[in-house]
Protein chains: 2
Amino acid sequence: MVRRAASDNGEPRPTTIRDVAAHAGVSVATVSRILSGNYPSAPATRTRVLRAVRELDYVANAHARGLAGASSRSVAIIVNSVVSPHYAHVAQGVQTQAAVEGKLCIVGTTGGDAERELATVQLMRQEHAECVILVGNVVADDAYRERMVEYARALALAGSRLVLCGRPTLGPDVPALVVEYDNTGGAHAITSHLLSAGHRRILFLGRRDGYSTQESRIAGYRKALADHHVPHDPGLEVEGTMERGEGYRMIRERLAAGPRDFTAVFAGNDLIAAGARQALREHGLRVPDDISLVGFDDLPPAADIDLTTVHVPHEELGRTAVRMALQRARDKSGAPEHVMLGTHIVIRDSVRPLIHADPPAR
Amino acid sequence: MVRRAASDNGEPRPTTIRDVAAHAGVSVATVSRILSGNYPSAPATRTRVLRAVRELDYVANAHARGLAGASSRSVAIIVNSVVSPHYAHVAQGVQTQAAVEGKLCIVGTTGGDAERELATVQLMRQEHAECVILVGNVVADDAYRERMVEYARALALAGSRLVLCGRPTLGPDVPALVVEYDNTGGAHAITSHLLSAGHRRILFLGRRDGYSTQESRIAGYRKALADHHVPHDPGLEVEGTMERGEGYRMIRERLAAGPRDFTAVFAGNDLIAAGARQALREHGLRVPDDISLVGFDDLPPAADIDLTTVHVPHEELGRTAVRMALQRARDKSGAPEHVMLGTHIVIRDSVRPLIHADPPAR
DNA sequence: GCGGTGCGTGTAACCGTTTACTGTCGGCTA
DNA sequence: TAGCCGACAGTAAACGGTTACACGCACCGC
């Protein structure tokens, strides 16, 4: 069947590689090769083809390319939410590196729901993204883990690499790359900072179970206490989710329940710290004069409220994830499988040395 | 050529629709129809096919689908940056609505650069996204506008709809949908709020030229002054970009330049307001006791600093953009082309009535 | 008993690329 | 001058779906 020329019927359609080939008087293979770049071609032909591309305003169809070619030229990122600064910064890193490598960036959100996360991974599987970057924690029961392992295998089979970004591995024999950051070290450092300032009763606000980043942070907190020979009081670890409102609630309830038995607060992230700060202020306690407060993440609220916190290299995390995955696609053997990025504390103005011992009530 | 079965050679590959068809003992057409949903099919066949899909862990190849089918099932959003709360919230809305409609979400970032924006639109054109949502302002020279119009036509030709989200239209005969929000009304309302509290000398912090949202906001500010018969002093309009640091800088420089000649500050957005607030505080001026301050956007920093501001329905903006575009894809005639979303002021604690007239120095 | 109807399914063309395999041609070597 | 080689370019077979068209068959009314 003869192919329609762009002008021979009423309905216009986007120009295809065949139109370009015809216009330049060459075959489609030649056009394809010249556009792909790295094939030998006569300068004259090359010029003719490029001129045809320009004159016809041709852009290649990504679906056809993805179908025929080996690679989809796209990178997928799956996060809890796009508005949460933590994820947004990682996503920014992913997007940046994707652009550098000439890849498209696809995003999916889960709202923290394990079921939606699994569904989104399937979606990305359909898409044959070159890599699927999973960011953030979900509470993982065994059924979830099992299905995720199955999906990880399927992804590997389809040629895309799964990258776990700041979350626990799936197991030794599951094909996945891991890029994480030093939660324990950061928590240790900032707890030590408080301890060095004389604080002994430090309230920890966050999650204890199921969320690996929080578990690591609390581990760092405990280890710092131990290293400084300060007895560990489980009663100082308060449980709450990672939102601003929860920080507010935790402090409110704690202060309502009895006399204050702590001189410093270590919030599991900056959002919680912001909420906690508000509750403290409403209770007449000013940071840092009356009480010291630190957070974790070094994200927007932190600078605004002069919070001493732990800096997490969020964008670098995203960039590294993409880089690792694509590097591994090129060179199966030489590329790293596991990267740990460092963290460091950022000192602002939310900690004061403890002058005289504030005797704990409890 | 006979098609390989999944097991007949060493290299495994993802299962295709043919594998499913073979496994279920039907033709590929039947599988495709059953999976697409809306075709009549015998219950027995249907069950067999679905079981085969499950047993073989089949997922359709999105590229093949996009190539063969009419629609790409994807939605594209192009923003300045993913970390900026304004864009992040719009993106969240887009993502949410895309998920509801079963579409994939592709994101591109421009960093505010017109050239990158154009390149990103081309990228989305390759992708044949069902709609391309452009958010945010760029300074538009004529060359830019001309190329964008050309791209808009090309997008329309390829069957995807361009949506301009909170940015000026491209012209009457350019195929594009527009969804915007009431900047002028919001600025008018919040300026009136200050005026009603007795303020007469209100410093405006923001951009005057080239950025349509800021231009609309300043127009609302001026109109409110006029409506309240307050003389307009161009000297009270301070020029700066939309970052936090700029708010800080503008206030610093203003206060350093001479005696304070204003009793309230209207910041072009909340970020600027946060920066301004810090500069004011460092200058010994407390908000709201010594000076009133309002912002625009109602984004995260606003609640933290108790800022009275204008609420912009960011997520709704994103959702509406997707909904409009897809609705229009279904029904070319009946769908709206232009939507204006309302804004309203949110009163917190950053404005105080002016008790006695603070005589302007200038 | 026969054409009509409609449901359910199969056949195969097509979507727009990439790329393995062939072919051509000019120039160089022996 | 024959033979070979390398540089370019063309032919056509994939890639994995969707869907127009054709077809078989059960059931209907006459």
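Note that the structure is predicted; figures quoted are calculated from it, not measured.
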Residues B:Y144 and B:E117: side-chain donor-acceptor under 3.5 angstrom: yes

With a 4.0 Å cut-off, would you call A:R73 and A:E101 a salt bridge? no

Rounded to the Å, how far apart are A:R13 CZ and C:dC15 P? 9 Å

A:L56 CG to C:dG16 C1', in whole Å, measures 15 Å

Criterion salt bridge (Lys or Arg N to Asp or Glu O under 4.0 Å) on B:R323 and B:E316, from CA distance to verdict: CA-CA 10 Å; B:R323 220 183 300 120; B:E316 184 62 28; 3.7 Å; yes

Can you name the closest pair of heavy atoms from A:A176 and A:L164 and give their distance? CB-CD1, 4.2 Å

Using a cut-off of strictly less than 4.0 Å, decide whether A:Y39 has a side-chain nitrogen or oxygen near OP1 or OP2 of C:dA20. no

Let's see if you get this right: which residues in residues 60-72 of chain A place a heavy atom under 4.0 Å from DNA chain C? A:A60, A:N61, A:A64, A:R65, A:A68, A:G69

Is any NZ, NE, NH1 or NH2 atom of the basic residue among A:R147 and A:D141 found under 4.0 Å from an Asp or Glu carboxylate oxygen of the other? no

Close N/O contacts between protein and nucleotides 6-11 of chain D (under 3.5 Å):
from, atom 1, to, atom 2, distance (Å)
D:dA9, OP1, A:T45, OG1, 2.3
D:dA9, OP2, A:A42, N, 3.4
D:dG10, OP2, A:S27, N, 2.8
D:dG10, OP2, A:S27, OG, 3.1
D:dG10, OP2, A:T30, OG1, 2.7
D:dG10, N7, A:R33, NH2, 2.7
D:dG10, O6, A:R33, NH1, 3.1
D:dG10, O6, A:R33, NH2, 3.0

Identify the two heavy atoms, one from B:C105 and one from B:Q95, that lie closest to each other, and give their separation to 0.1 Å. CB-OE1, 3.3 Å

Taken to the nearest whole Å, CG/B:L35 to P/C:dG8 is 17 Å

Which whole-number value in Å describes the distance from B:I17 CD1 to D:dT18 C1'? 8 Å

Decide whether A:Q327 and A:R330 meet the rule of one side-chain donor and one side-chain acceptor closer than 3.5 Å. no

Smallest heavy-atom separation, A:I78 atom then A:T110 atom, equals CG2-CG2, 3.4 Å

Check this for me: does any side-chain nitrogen of one of A:R48 and A:E55 sit under 4.0 Å from a carboxylate oxygen of the other? no

Sorted by number, residues from residues 121-131 of chain B placing a heavy atom under 4.0 Å from DNA chain C are none

Where the side chain of B:E315 meets the backbone of B:H89, is there a donor-acceptor pair that is under 3.5 Å apart? no

Take atom OH of A:Y58 and atom P of C:dG16, then tell me their distance rounded to the nearest Å. 10 Å

Looking only at non-hydrogen atoms, find the nearest pair between B:R13 and B:T16 and report the distance. NH1-CG2, 3.7 Å

